[in-house]
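Single-structure report; data block below.
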Amino acid sequence: MGRLTVRNLLAHKRRVAGLVIAVLLGTAFLSGALILSDTVKSSITGLIRDNGAGTDVVVRNATDVTDRPGTDRAAIPAGTADLVRKVPGVASASPVVVGYGQLVDTDGEMITGNGPRIAGNWIDDPALNPYRLTEGRAPQAADEIVVDRASAKQGGLEPGDRITVLTPEPVPVTVVGIATFGEADAFGGASYTAFDLAGALQHVARDPGLISSVSVRLAPGADQEAAAAAIQQVLPPGVQAVPGSAATQEQVDAVSDGFLAIFRTFLTVFAVIALVVAAFSINHTFSVVTAQRMREGALLRALGASRRQIRSQALGEAALIGVTASVLGLLAGAGLAAGLKAMFAAFGFAFPVEGLQFRTETALIVLPVGIVVTLVSALIPAVKASRVPPVAALRDAAVESAGVPVRRTATGAVLIAAGVVATVLADGFLLLGLGAAATVAGVLVVAPAVVRVLGSALTAPFARFGAGPMLARGNVLRSPRRTVGAATAMVVGIAVVTVFAVFAASLKSGAEGETRDTLVGGLTLGDSSSAGWAGGGHSPELTAKAAEVPGVATAVGLQRGNLLAFGSSRDIMAADTARLGTVLDLGVEDGSVEALGTGSIAVSDTAADDHALKVGSRVPVTYPDGTKAELTVAGVYDRTTLVGDYLIDRQAWAPHSVADLDALTVLALAAGAQADQVKAAVEKVAEAYGNPPVRDRDGYVDASLAMVDQFVTIVYVLLALALLIALGGIANTLSLAAHERRRELGLLRAVGAERGQVRASLRWESAFVAALGALTGLVLGAFLAWSAVGVLAGSGDQQVPVTVPAVQLAVLFAAGTLGGLLAGTRPAARAAKMDILRAVSVE
Amino acid sequence: MSAPLSAPDETEDATNSITRPGRYAACAVHAVRAYGTGDTEVRALDDVTIGFPRGRFTAVMGPSGSGKSTLLHCLAGLDTPTGGQVFLGDTDLGTLSDKQLTRLRRDRIGFVFQAFNLLPTLTAGENVTLPAALAGTRLDQEWVDRVVVSVGLADRIGHRPSELSGGQQQRVAVARALAARPELILADEPTGNLDSRSGAEVLGLLRDAVDSLGQTVLMVTHDPGAAGYADTVVFLADGRIADRMDAPTPQAVLDRLKAFERPARTASR
Ligand SMILES: Nc1ncnc2c1ncn2[C@@H]1O[C@H](COP(=O)(O)OP(=O)(O)OP(=O)(O)O)[C@@H](O)[C@H]1O
Ligand SMILES: [Mg+2]
């Protein structure tokens, strides 16, 4: 029987190729996702390890208010380095200043990138400094800097150039050297500007008496832990000494658990979607192949092969295909990972990655998943096939009847009813998920009956377009079950895309509405970015200058930060709350958010619900510098898109903050001021600060949504892969069907169908199937998204109006149908080339 | 009968007359259809020169493998001779492109195969008008109705082939061949799969098409009874025209077949 399995596979290369491709596509995505996330992980953690490689002990502020990588701890006294140096065993101790430093090129434009803009001091001990000079020299005066080679290339900088660094105050400097991070041009996406120590203390540190940390090199052979303990003895309270390896590991863990974990999950979600779509496609292909074999292999059964043998032969075949295709998919994943990397780079998320990281774990995940998905997909048709009596198999009708059992339809109707009720009534995501699954299953179960009843009427209008669609129509309707099987992967794929599209559009329009309602000031200055480091910020000095521009009534700067509250790190916004009301309307629900002073905090209604807060509640917090305080809730507000969940006053924040940086400034115009003129005047003032963008309300809303759009586009690209798999499945089964129907096609040609007409009929068929799948998927997806948005809106108090992005959905439908047309091209061309005589000669 | 059909031994004469356009509905001139080359060459048609006059019913008979189907396929433009020429009316099929041959099959020829004549997804009526649908033209509805009535399928027109008996399916195929009023109807063992009653119905239809509509019919058959419906029988053996018989009766054909089997073999040696 085993030999027969192999022989069978070889005898039907086309079928096998079709099946292998379906499995391969599904597993390749999974493999690619894992390879890419491993690669990114290994290179980012590699960078971090390189960064800390030479540092034996790190002396730093003991308070940590954030687990977000790239955000710094508060400062420590500058004299700490001298204390440390005296500890026995310490070979060298360098004070380290790290802060914000945005480079502005010679044209006055900011050199931006996908990473923090870091400034600090050049460390002379090469063991403690991961940067290497490749050009020029180290800084020797307070206005001399070394820049990383990536920024130098980007801004066209050379030693000798006079430029500005925003720290965030504009500092005129001279570039004296260019450095690489180890071998790389830069530390990932981060830029680096190094002053000498005096320059860093003067410009980068918030206070010349404060440094960020001390990097310690020990005498050769010294033990890091013991040395750290010894150093700890001489440190003032609130300052800690940590072994270098532990400090590095902390950072590695922070990115691994944070960004890298999210990234991996993100990619895996799409890989799983692709795999589910592929499973439907594989299942259908197996069904078609099984049906064909049923007829062709009737002899086998007549000769006495048992059901068991038939089934195990089919499963043996599936196993062989699963193994082969999974291995190929695993390998193809490397190519896909490279493609995904390029795609992220195209969207501005270039990873600091060389080569690809292939771990055994990837194979241990991908291979079993691929094989199991293939076997499960093959099992159902195999079991069904083994139940068909041998004699019945000789007749087409037994294998694929045009009829649809009433019981099946009834079951489907019940499933849909239950699913819809559960989905509509759902107030949590568990019930929603169950309802959605039941609805989708129900729709797929009743679909054949629907095709049987409505398909004829739906496709009738196309018959007028010629013989192609007329013939295609007949083939689509001949076996509704098979048609639905071919379209299923498409239904699922399009439904997922639709859910996402409606969801994204709804959230976007919710955010847009809220942003408009919040932003009562006429102009904004600075970036809209909510990602923290992508935009950075600007000097409060600029905010102050903007306030003085004629026509500006008030200018309020918003500062981002972190503090500890309720046991973990919280993102907060700090602002001059006395005047905040003139530029933002937060939709206050209770109390007041004005003039919070040093002892009060305002919270969003979501945060209030989460932590059972109301006006007057006491909130214990820890500031970044370690200071503990108890704040009183003064107000509860509704709108969070600009300020987030926690708002405090600048007076409370300034003494404890790490950096003094306004992420955004909102301006209110004086009565009668001309917005255009004021905007131009503010832009003029901003020139000296690297030209942060000045926007009116519409401009700000558009810019803040642009980020969302970019994210949405990436998701669309990832989902497109699932759709490609679905289309591949359609092409695959179409070519199997064309092979199966070669007699009919030959007859058609014999009675006068041109090659073009044969081609057209198959392409139309493929387009019909795709359009049917796309339409069903759209309706299904729109319904599920509508319910999901409802559940989401019900769970928070956010206003989320369901928005149906009609244009996107129309494009999606058109793309699906056109894709179907294209998918049909190759099988159609092959079918049109067949030999008429061979086809019509009686076998 | 003034030599409506060229005899194999009148080659010279026949060639002259055949090349005059319009005299025959279709003809083959020194047609050769060879498969393979050298030692392994098989000649399915070996220098066949024959014309089929308009308005007549000709049967082609001969042992299995003698080249009957090949001749029909060549006349229909489904196959291309490797030597010689084939004409439909005065059109030399050898000069036509694949597309032109396709149109010729669609517009000027009606074909009835032994089995599997109909597209299972179309109704009987749609199958009848399929060539016209492919051409994007409309047939004369009155004529189509007449044809459908004459083949006795008026009440079955909306049924699909799977709902029809074999005989009914063949009658649909004949109706399709008649509906477009082609210059030539070719039928390859159209009754091969039918019982004698159904076969008689189909043959009667073809006969009637010749008598009352003036159609030209060329039919391959193994059945002397079927050949009895024809005006003329042509015998093929080993790819050559071996004999012919006008006004055949089943008994005469049977006798001829029996008598002809041996001498024809020896003659070709
Ligand atoms: N594709 C092919 N390759 C090689 N030889 C072929 C091919 N097609 C037909 N032949 C040969 O050509 C000869 C004539 O075949 P053809 O089908 O015309 O016979 P036929 O008279 O119709 O026979 P039957 O009565 O069995 O239908 C046979 O010897 C056959 O083997
Ligand atoms: Mg034959």
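Chain identifiers are assigned alphabetically (A, B, ...) following the order of the sequence lines, protein sequences preceding nucleic acid strands; residue numbering begins at 1 within each chain.
Listed options G468(A), G466(A), A753(A), A467(A) were ranked by heavy-atom pairs under 4.5 angstrom with chain B; first place goes to A753(A). Contact count against chain B (heavy-atom pairs under 4.5 Å) is highest for L747(A) among L471(A), L747(A), N475(A). Taking P120(B), A76(B), P131(B) one by one and counting their heavy-atom pairs under 4.5 Å with chain A, the maximum is reached by P120(B). Considering only heavy-atom pairs separated by less than 4.5 Å from chain A, the leading option among E126(B), H73(B), R160(B) is H73(B).
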Which pairs of donor and acceptor atoms, one on a side chain in residues 132-141 of chain B, lie under 3.5 Å apart (sequence neighbours left out)?
from	atom 1	to	atom 2	distance (Å)
D140(B)	OD1	E142(B)	N	3.1
Q141(B)	NE2	D145(B)	OD1	3.1

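A search for salt bridge (Lys or Arg N to Asp or Glu O under 4.0 Å) contacts involving R755(A) returns D98(B), not counting sequence neighbours.
Ring geometry, F768(A) versus F462(A): the interplanar angle exceeds 60°, so the pair is classed perpendicular (tilted spans 30 to 60°).
Evaluated for a side chain to side chain contact (heavy atoms under 4.5 Å, CB included) with R43(B), the options V32(B), T70(B), V48(B) yield exactly one hit, V32(B). Applying the side chain to side chain donor-acceptor pair (under 3.5 Å) test between R33(B) and each of D46(B), D79(B), T80(B) identifies D79(B) as the sole match. Across E744(A), E765(A), E740(A), a single residue satisfies salt bridge (charged side-chain N to carboxylate O under 4.0 Å, His left out) together with R478(A), and that is E744(A).
Residues L45(B) and C74(B) form a side-chain contact, since some pair of their non-hydrogen atoms from C-beta on lies under 4.5 Å apart.
When heavy atoms are compared at a cutoff of 4.5 Å, L130(B) approaches chain A solely by way of its side chain, counted from C-beta outward. Residue contact with chain B, scored on non-hydrogen atoms closer than 4.5 Å, involves the backbone and the side chain of E754(A) alike. Within the 4.5 angstrom heavy-atom criterion, only side-chain atoms of L122(B), from C-beta onward, approach chain A.
Chain A is approached within less than 4.5 Å, heavy atom to heavy atom, by T102(B), R103(B), R105(B), R106(B), F113(B) from residues 102-113 of chain B, ordered by number.
Sorted by first and then second residue, the salt bridge (charged side-chain N to carboxylate O under 4.0 Å, His left out) pairs with a member in residues 164-175 of chain B read R171(B)-E201(B); sequence neighbours excluded.
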